[in-house]
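We use all heavy atoms of the structure for the numbers below, so side chains are in, but hydrogens, waters and symmetry mates are not. As the structure is a computational prediction, the values presented were derived from the model and not from experiment. Note that the numbering runs from 1 along the sequence shown for the chain.
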Amino acid sequence: KLMDPSGTTVLNTLSDTLAPAQKNFATLDLTGYLLTNRGLWLSLGTLIGVIAFLRFRFAFDMTKVWSKQRLRQNQVDLQQLPLTAIKTPKVARPFDRKIRVAQTWIMALGGFMELLRSPLGLAIPALAVYSFVLIPNLSAGPMDVAILPTTERIVLYMNSSSLQVFVCLMISIYAGQLVWRERDTRLSEIADVVPFPDGLIVLSKFGSLALLIIALQFALMISGVALQLTAHYSQPDLGVYIGARFGFTLVELLTFAAVAMALHVFILQKYVGHLAVILVYVYSVIAPRLGVEHKLLIFGSDTGLSGSSFYNQSAFLMPWILYKSYWAGWAFLFMIAAKHLWVRGRESGFKMRTKTALKGLRLSGLVFGGFAIVLCAGSVVFYNTNALNSYTTQSEGIEGRASYERLYRRYNSTPQPLLTGVTLNIEFYPLEREALVKGVYVLKNITNRSIDSIHVEPATGVETDQIQFSRYS
């Protein structure tokens, strides 16, 4: 409870102890775990803010560079060196597709290794340690009793907002560092004359970011396995870890990373770019509370991936693929825009970059391909959501329940029998995603009044074919 920076774990625990009627009138007291949690994280945030304020400078002090002594040792008097002729070898300079792929991979790997060896690379093991400490707090059962740490549960808690907010912040920091690397070191004008196309540069930087995300997934997987072993759970399922961390979760993080990198390219201020990326993540979390509930309007949203022992995840896989194809199409379009708006040279004005980008976008077949993916996947999702099925917003659902209560409130005091026994015969058909239920309910009148009617409420989403009543003397 104390390791959750958002405080939602404490609020959810409090919500579980209240009845539905109590939630409408209960007041939130700033005591106990909630007070301790908020005090801890507010104090930590204040401390970090004060340290950042005191250490902030508009200049970089070279006298404090750790490698200054090494640089002095490597200084050589050029006048003492003998002059020798330099022979420039003749080499072939092809620029075919094979060379471009090799260049992209070398640049992506170089950017990845540079960030991994830098102080920013410590964020990956730090997040792994944080998840190792956080997940036991999130998975505590009733009365703080630890639940069985199965692999499915560990993977589920790794996708909680308490951890994902730091993952998205890390992606934003890495994306900004990659985009601004040459400009921060005042080497952009030298790097801009290198005969590499803008698309190759953007793609290589995105490749570095993707490798960093993969390294993070590997660290989180190790953290999850270590957590299970320390809890004396000796059956970690590596297949589930690989499928979740390097499959479903990786796709979601890569689409977010593409948008984060594009925003850093669009915005010519690194820290404003960080703010824009954080706002995109915050919007995806709180959009339903703002009245935006359709998943086609919330970046990265989908129907989720559930499963069971009967049909695994096959029933939910196709909707998930459609949603991710839709958002991958948008991410692809963002990357194309980043390629055409990439800053090269001294002209960095957004107006001039936009004017130049529009000329390239008109002739780009990739733009039409990206829009085709978005339109096709979005149309299929919208048709299945709003045409084939009844789409109900949260406000409409609340109004429907209120109308139901107003309509049937008059039967609140009508005597009804007590359910005293149940016998069910359930047949599962996994391939058809159906279940046939037949059963007998034993009802007993425990009141002193005769009952002339029995109220039956069929479950939503279930076809109730036949109900028969019989009475034995």
Side-chain angles (χ1 to χ4, degrees), residues 104-132 134-135 154-181 201-225 238 240-265 270 273-274 276-278 280-282 284-285 299-302 305 320 323-325 327-332 334-335 338:
T104 304
W105 168 249
I106 293 173
M107 293 172 62
L109 187 61
F112 164 70
M113 295 302 299
E114 179 180 343
L115 278 178
L116 193 64
R117 295 169 180 171
S118 69
L120 290 176
L122 297 175
I124 293 177
L127 277 176
V129 173
Y130 177 68
S131 67
F132 184 85
L134 174 67
I135 292 177
I154 298 298
V155 169
L156 179 64
Y157 288 122
M158 282 184 177
N159 293 328
S160 65
S161 58
S162 303
L163 182 61
Q164 289 302 310
V165 61
F166 290 105
V167 174
C168 294
L169 182 61
M170 187 204 73
I171 291 175
S172 177
I173 293 175
Y174 284 161
Q177 193 70 16
L178 289 167
V179 171
W180 286 84
R181 180 175 59 178
I201 297 175
V202 174
L203 185 60
S204 64
K205 292 182 179 294
F206 180 74
S208 300
L209 185 56
L211 290 174
L212 289 166
I213 295 175
I214 293 173
L216 174 63
Q217 301 309 300
F218 185 74
L220 290 177
M221 184 181 72
I222 294 177
S223 174
V225 174
L238 295 181
V240 174
Y241 275 118
I242 294 174
R245 305 314 307 174
F246 298 98
F248 305 119
T249 304
L250 183 61
V251 172
E252 297 175 358
L253 293 180
L254 288 179
T255 54
F256 181 81
V259 175
M261 176 164 284
L263 289 176
H264 277 287
V265 174
K270 182 194 291 186
H274 290 323
V277 175
I278 294 173
V280 169
Y281 172 76
V282 172
S284 65
V285 174
F299 177 77
S301 61
D302 54 69
L305 276 171
W320 184 86
Y323 272 103
K324 292 310 173 185
S325 298
W327 293 117
W330 279 115
F332 183 65
F334 268 86
M335 290 297 292

Self-check item: V225 side chain reached by L238 side chain, heavy atoms, under 4.5 Å
Solution: yes

Interatomic distance, CD1@I278 vs OG@S172, rounded to 0.5 Å, equals 5.5 Å

In terms of heavy-atom contacts, A219 and A128 come closest through O-CB, 3.7 Å

Is any side-chain heavy atom of R245 closer than 4.5 Å to one of M158? yes

One should read off an interatomic distance between L250 CG and L254 CG, to the nearest 0.5 angstrom, of 4.5 Å

CG of L203 to CE of M261, rounded to nearest 0.5 Å, is 9.5 Å

Here the gap from Q164 atom CD to Y281 atom OH, rounded to the nearest 0.5 Å, amounts to 6.0 Å

### Query
Between W330 and F299, does the ring centre distance come in under 6.0 Å?
no

Where the side chain of W327 meets the backbone of T255, is there a donor-acceptor pair that is under 3.5 Å apart? no

Is the ring pair W320/F248 parallel, tilted or perpendicular, if the boundaries are 30 and 60 degrees?
perpendicular

Of all heavy-atom pairs linking L120 and Y174, the shortest is O-OH, 2.5 Å

Rounding to 0.5 Å, atoms OG (S131) and OH (Y157) come to a distance of 14.5 Å

Between the side chain of K205 and the main-chain N/O of V179, is any donor-acceptor distance below 3.5 Å? no

> How about Y323: does its OH atom have over 12 heavy atoms from other parts shown lying under 6.0 Å from it?
Replying inline: yes

Checking T249 side chain against A244 main chain: does a donor-acceptor pair fall under 3.5 Å?
yes

Rounded to the nearest 0.5 Å, the OH atom of Y130 sits from the CD1 atom of I135 at a distance of 10.5 Å

Could you give me the CA-CA distance, side-chain angles and deciding distance for L209 and Q177, then say whether side-chain contact (heavy atoms from CB on, under 4.5 Å) is met?
CA-CA 10 Å; L209 185 56; Q177 193 70 16; over 6 Å; no

State whether the side chain of K324 and the backbone N or O of G300 hold a donor-acceptor pair below 3.5 Å, judged by distance alone.
yes

- Task: Kindly indicate, with the supporting measurements, whether the criterion side-chain contact (heavy atoms from CB on, under 4.5 Å) is fulfilled by L211 and L116.
- Result: CA-CA 10 Å; L211 290 174; L116 193 64; over 6 Å; no

- Item | Candidate pair H274 and L169, rule side-chain contact (heavy atoms from CB on, under 4.5 Å), full reasoning | CA-CA 8 Å; H274 290 323; L169 182 61; over 6 Å; no

Next on the checklist: Keeping S118 on the side-chain end and L115 on the backbone end, is there a donor-acceptor pair under 3.5 Å?
Outcome noted: yes

Closest non-hydrogen contact found for A108 with S208 is O-OG, 2.6 Å

Would a 4.5 Å heavy-atom cut-off, applied to side chains only, mark L134 and S162 as touching? yes

Residues F246 and I214: closest non-hydrogen pair is CE2-O, 3.7 Å

Check your understanding: Would you say the side chains of T104 and S204 form a donor-acceptor pair under 3.5 Å?
Key -> no

(Q) Run the side-chain contact (heavy atoms from CB on, under 4.5 Å) test on I124 and M170 for me, step by step, so that the C-alpha distance in whole Å, both residues' side-chain angles and the decisive distance to 0.1 Å come before the verdict. (A) CA-CA 9 Å; I124 293 177; M170 187 204 73; 4.2 Å; yes

